[in-house]
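On a predicted model such as this, the values are computed, not experimentally measured, just so you know.
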Amino acid sequence: MNPGARAKILITDGDIKQKKLAESIGISEAKLSHYLNERYEMPTHVVVAIAEYFHVSADYLLGMTNAPERPMTMTGAEQKLVENFRTLNREQRELIVKNIAIMQEQNRRE
């Protein structure tokens with residue numbers, strides 16, 4: 001599926017007017033229509049602008065993934081935590097997951 005087709009789905013699902021989207025991303029409604037209907041190839045800056053507008057990944061618009069969510073960004077400390085977690089055996093991982101659930105429950109009570 002091409003970016004125009006994916007963008008059309010987002011527009012329809014979000015009940016957004018093409019005019020509003022075009023204004024928000026800084027192009028004319030006619031130009032947006034051409035991109036959506038594949039008369040012109042959608043330039044990278046338009047793909048990025050549409051992705052940002054709808055809070056989806058550019059990979060989703062480009063058809064490289066079927067998951068519209070943007071990948072989660074992690075801090076260096078979070079990345080290190082994941083790397084360390086992956087070195088543990090199954091039982092250790094399960095113990096960590098249970099501990100996290102206990103701590104989350106404690107936080108909800110506070």
Side-chain angles (χ1 to χ4, degrees):
M1 191 176 288
N2 66 58
R6 292 266 170 121
K8 277 183 176 180
I9 292 168
L10 293 169
I11 291 166
T12 302
D13 289 352
D15 197 26
I16 304 294
K17 301 287 185 207
Q18 285 186 24
K19 181 176 183 175
K20 180 181 177 187
L21 175 61
E23 288 172 357
S24 295
I25 64 173
I27 62 173
S28 71
E29 186 179 0
K31 184 136 321 205
L32 177 61
S33 178
H34 289 310
Y35 296 145
L36 297 177
N37 294 304
E38 301 179 58
R39 288 188 206 102
Y40 301 135
E41 186 174 330
M42 192 179 294
T44 304
H45 74 278
V46 174
V47 172
V48 170
I50 291 173
E52 288 175 350
Y53 182 88
F54 286 106
H55 305 288
V56 299
S57 70
D59 285 350
Y60 172 74
L61 286 178
L62 295 169
M64 299 172 68
T65 180
N66 288 324
E69 300 83 17
R70 289 181 178 171
M72 183 186 303
T73 57
M74 293 191 286
T75 65
E78 291 168 329
Q79 290 174 348
K80 185 69 176 165
L81 184 63
V82 170
E83 290 169 10
N84 289 336
F85 183 81
R86 289 178 177 168
T87 66
L88 303 175
N89 65 40
R90 188 177 54 80
E91 291 89 13
Q92 292 168 327
R93 288 181 189 181
E94 289 173 1
L95 183 59
I96 296 293
V97 170
K98 286 178 185 175
N99 281 326
I100 290 171
I102 290 167
M103 288 184 265
Q104 288 173 324
E105 182 59 33
Q106 289 172 341
N107 288 341
R108 280 191 282 274
R109 289 186 204 153
E110 292 177 358

Before accepting this row, confirm whether a basic side-chain N of the pair R90/E94 lies closer than 4.0 Å to the acidic partner's carboxylate O. yes
Verify same cluster id: L88, I100 (apolar side-chain graph, 4.5 Å): yes
Any donor-acceptor pair under 3.5 Å linking the side chain of S33 with the backbone of E29? no
Side chain N89, main chain E91, donor-acceptor under 3.5 Å: yes
From L21 atom CG to Y53 atom OH, the distance as rounded to the nearest 0.5 Å: 6.0 Å
Within 6.0 angstrom of Y40 OH, more than 12 heavy atoms from elsewhere: no
Kindly indicate whether the side chain of Y35, heavy atoms from C-beta on, has any atom under 4.5 Å from the side chain of V47. no
Would you check, one step at a time, whether the test side-chain contact (heavy atoms from CB on, under 4.5 Å) holds for Y60 with N66? CA-CA 6 Å; Y60 172 74; N66 288 324; 5.5 Å; no
Separation between NZ (K80) and CG (N84), nearest 0.5 Å, reads 5.0 Å
With H34 as partner, the option from M42, E41, R39 fulfilling side-chain contact (heavy atoms from CB on, under 4.5 Å) is R39
Donor-acceptor pair, distance only, cut-off 3.5 Å: does the side chain of R6 make one with the backbone of L62? no
Nearest-0.5 Å distance, OG1 of residue T75 to CD of residue E78: 3.5 Å
Looking at M64, I want to see if its CE is surrounded by more than 12 non-hydrogen atoms of other residues, nucleotides or ligands under 6.0 Å. no
For the pair R108 and E105, find out whether any cationic side-chain nitrogen is under 4.0 Å from an anionic carboxylate oxygen. yes
Can you measure from CZ (R93) to OG1 (T87) and round to the nearest 0.5 angstrom? 8.0 Å
Is there a side-chain contact between L36 and I11, using heavy atoms and a 4.5 Å cut-off? yes
Side-chain contact, heavy-atom cut-off 4.5 Å: I50 with F54? yes
With a 4.5 Å heavy-atom cut-off, do K8 and N37 have their side chains touching? yes
Check: N107 main-chain N/O paired with E110 side-chain donor or acceptor under 3.5 Å: no
Using the rule side-chain contact (heavy atoms from CB on, under 4.5 Å), only one of V46, L10, V48 pairs with L61; which is it? L10
Search all heavy atoms of A51 against all heavy atoms of S57 and return the closest pair with its distance. CB-C, 4.0 Å
